Structures are given as structure tokens and as C-alpha cells.
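The block underneath contains the structure these notes are about, expressed in C-alpha cells.
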Amino acid sequence: MEQDNVSGDLVLYSNLIDLARKLCDYSKAISIFTRLKASTITPDLIAYNSMINVFGKAKLFREARLVLQEMADNAVQPDTVSYSTLLAIYVDNQKFVEALSLFSQMNEAKCPLDLTTCNIMIDVYGQLHMPKEADRLFWSMRKMGIQPNVVSYNTLLRVYGEAELFGEAIHLFRLMQSKDVPQNVVTYNTMIHIYGKTLEHEKATNLVQEMKKRGIEPNAITYSTIISIWEKAGKLDRAAILFQKLRSSGVRIDEVLYQTMIVAYERAGLVAHAKRLLHELKRPDNIPRETAIAILARAGRVEEATWVFRQAFDAGEVKDISVFGCMINLFSKNKKYSNVVEVFEKMRQVGYFPDSDVIALVLNAFGKLREFDKADALYRQMHQEGCVFPDEVHFQMLSLYGARKDFMMVESLFEELDSNPNVNKKELHLVVASIYERADRLNDASRVMNRMNQRAIRSHDHT
DNA sequence: TTAGGGTTAG
């Protein structure tokens, strides 16, 4: 379309953004959003809400929050979903205080709450160890005209469990049943976990039976919870038998469940058994190879993970972008920088865009391999594509220029970032100053620090 | 004539 000079419309751009989002290709989604705005299309409410999600998933929290501002500037009023999306992003990244502050902002803006918002906030209060507030919000929902659903109950159940309010937890669990609130696998998994905390492994086991009887199928989370509970209760044999049964019964075994059994063996001192399980992943039988790679990579098994990854990649089985990410992480941690580059190139080969974490690791690898031109080319290319980076990526690139003693580039990128409103200025100055310090250019270092202090004084005068 | 957004468990 671009070649034929056919310009896209909001529908087309929104679809492309959504596709990139589904592929977890957030850099690309951002790049498409940038092009959308460059072609003078004004995004609407839903497009903006998608982008709050995209920026958040890309861990560009400042940019995510700035979308709210941009919406207001373009006369698009942020709605309940806009706020809930950002709240959920903060929660995903453990930024509970930010979530709390955004929630007050939402209330000040008189934006109405709905079921999802309440559910997110019950979670936030719980995470902040404010079970009383969580409780208050839950029990005031009906007065606001919002019926709590199974998610609300499940979340409050977990909050009670974490606050060691075990009596309240059991009461709530039975209340759901007497009030005919439908319970689901999450309800049971949460309650089983609570019985694990109270060391009542028999009650936990009974709940597994109870859920089955009621037609609620246990899943990988149920089994990994119960395996941990049995292991702590000294019933490792029982756990091992269950795990074997699961493997041959066609239940989906995911990486956490597999890992749970390995950890159970290790904690019991049965290292050989743990090793055997890891070794078996080289030829996974009823486990997808992508899962096997994820387990091996998380366990730090470089050789095996590499082997399975290459096999799977050559067979065209690596579809999940996160598999590339975990291999790049593994290699980077183990200082295998040429392997980092190898995986990165494979990733590009199949058309995936790296996310900002991966870009930072790849830039770092190029630096260690002294491939400065490649680092420079990658940084520029991503920039041209309209990718927005977290500050860490820019700082990484500054350091690489410093390592190459290319102070012209340090200065020019420094100036460029200094005029970029999204970059933290104080950190930028500190990073540049430390680059000069490392290169023994102390005059330059103090010039940069003075500039920062001058600016701090000036902005103080203005206020 | 086209489509798209947020929440729970290991």
C-alpha cells in the first residue's frame, strides 16, 4: 500500500496495531501508532486504550501515562477502560503505589468505576497489605450498583489468605456456595493454596476431590500447588506418583508444573531425580518443545536449552516470541554474547521485532563483541521504525559510544535525548557524566554535572 | 463497507 501511495485509515492502522500486540511485538505496534499519527489520522478512544496497553506491555510506563494527557489534548475523554488498562499495567509490574495514585486521579476526574476497576483495586489493596481497604471496597460494590463476580470473590479470597485471615477466607469460600456464586478452578486453586499455608494438606487434597466431583477440572496450577503442598508435608512419593500419572495421562504440563516437581526433588535432596527430569527435556515426549526450552532456559541449562532451541527452530516450531527472549536472556546472563547475536538474527529472520529488554541485551552483546557499528545500526534502525525506548536502552547506547571513545556521538546523542521530553534528565546527566569520568575526561564530567545543577537552580527559581 | 480496549490462581 505504501508503495502504491494508498494511505491507510484508522481501521487499518488499528488492525495492524492489534496484530502486533497479539504477537507481543510492542515495538512494532508503537511504530505503527507513530505512523498513524504522522498521517494525520486522529486516534479514537479505543485506539488510545490499546496504546495504553501497548506502552505498558513494553514497560514504557511514562509513555503509557502520557497517553491519558494526549487524549485530553485531543478532546478524547479517557474512560473507565483507559484507567483500568493503566491500573492493570501498574499491577502487572508491581507498581502498586502508582496504581493507588492513579485511582485517586480517576476518582477526582469523576470517572465511574465498574466491575473490572473494583476487581483490580481489591487486588491492589491486598498487595499493599491493606486488607481492610480491600474488604471495604468489596462490600461497598453493591451500594455502587456493581454485582461482585467470581473474580471479585477470588481476589478477596486471596487477599484474606495472604493477610492470614484464614477464618474469613473459609467463610467467604462457603458463602459463595450458599449464595450460589459460581466457583471456578481459580477459586479452588486459591483455597487449596490457603490450606497449604495453614499446613492442612489433607483438607487441600480433599478440595481437589471436591472440585472434580463438582465438574471443575483441576489444571496445571492445581497440580503444581498440590505437589508443593505434599512435598512440604513430607509426602514426596505421593507427589512423584501424581506427576508420573499426569505425564502419561495427557494433562497439559506447562513449565511451572514441570519446574515444581524438579524443585520438590531438589528440596528433598534427591538431586539425581531432579537432573533426570531436566535431562528428559532434551527429547520432550508429551511436552511442546517451546515449553521444554523455557524450562531449560529458566533452569540455566545452557547446553541443553541451546540444543533443543536449535532443533525446534530448524523444524520451524518456534512461534512464540518469548522463547527467543528467554534464550537471549540465558545467553546474556552466561556472557555468551555471540549466541545472543545468533538468536537475535534468527528472530529477525522470521520477522519478529525485539522488545526493549531484548534490544538492551543485544546492544550490550554487540558492545562486548566490540561490534559498535552493528549496535549503532540497530539503534538507528529501531529509532527510524519509530520505536520508543525506555531510558535504559538510550543509556546503554551512550555507554557504547563512550566505550568506543566516540565522544562526538556521545555529545550528539546527549543533546538529542536532552531535548526529548520523555527522558529522565537527571539520570541522563548522571549517565553522561559517569561516561566521561570513566574515560578520565573530568572537565567534561563536571561540565555535564554543572549543567544539571544550573538547570535545577533555574527551575527552582521559576517555581 | 471495514474493527478494535481493561480484572483472579502455581
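Keep in mind that this is a model prediction, so the values were computed, not measured. In what follows, every chain begins at residue 1, and chains take the letters A, B, ... in the order their sequences are listed.
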Name the nucleic acid region contacted by [X], choosing base, sugar-phosphate or nothing; use a 4.0 angstrom heavy-atom cut-off, strictly under.
| X | result |
| --- | --- |
| A/Ala88 | sugar-phosphate |
| A/Thr80 | base |
| A/Leu257 | base |

Discussion item. For the residue pair A/Asp135 / A/Tyr160, report whether a side-chain donor-acceptor contact shorter than 3.5 Å exists.
Written reply: yes
Roughly, in whole Å, what's the span from [atom1] in [X] to [atom2] in [N]?
| X | N | atom1 | atom2 | result |
| --- | --- | --- | --- | --- |
| A/Lys232 | B/dG10 | NZ | P | 12 Å |
| A/Asp9 | B/dG4 | CG | P | 14 Å |
| A/Glu162 | B/dG10 | CD | P | 8 Å |
| A/Asp254 | B/dG10 | CG | C1' | 8 Å |
| A/Ile41 | B/dG4 | CD1 | C1' | 14 Å |
| A/Asn93 | B/dG6 | CG | P | 16 Å |
| A/Tyr90 | B/dG6 | OH | P | 17 Å |
| A/Tyr153 | B/dA9 | OH | C1' | 18 Å |

Worksheet entry | A/Phe243-A/Tyr258 aromatic ring centre distance below 6.0 Å |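 Between A/Phe243 and A/Tyr258, the centre distance is under 6.0 Å.
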Discussion item. I want to know whether A/Tyr379 and A/Phe389 have ring centres closer than 6.0 Å.
Written reply: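 Ring-ring flag for A/Tyr379/A/Phe389: true, centres closer than 6.0 Å.
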Within the modelled atom types, does a donor on one side and an acceptor on the other bring the side chain of [X] and the base of [N] under 3.5 Å apart?
| X | N | answer |
| --- | --- | --- |
| A/Ser224 | B/dG10 | yes |
| A/Asn119 | B/dG6 | no |
| A/Thr85 | B/dG6 | no |
| A/Asn219 | B/dA9 | yes |

Identify which nucleotide among [options] has an atom closest to any side-chain atom of [X], counting heavy atoms from C-beta outward.
| X | options | value |
| --- | --- | --- |
| A/Thr116 | B/dG6, B/dG10, B/dA9 | B/dG6 |
| A/Val11 | B/dA3, B/dT8, B/dG10 | B/dA3 |
| A/Ile221 | B/dG4, B/dA9, B/dT8 | B/dA9 |
| A/Val81 | B/dA9, B/dA3, B/dG6 | B/dG6 |

Discussion item. Show, in sequence, the C-alpha distance, side-chain angles and deciding distance for A/Phe173 and A/Tyr153, and conclude whether the ring pair (Phe, Tyr, Trp, His ring centres under 6.0 Å) test is met.
Written reply: CA-CA 8 Å; A/Phe173 182 76; A/Tyr153 278 93; over 10 Å; no
Worksheet entry | Charged N-O contact under 4.0 Å between A/Lys235 and A/Glu231 | no
Discussion item. OP1 or OP2 of B/dT8 versus the side-chain N and O atoms of A/Arg158: is any pair under 4.0 Å?
Written reply: no
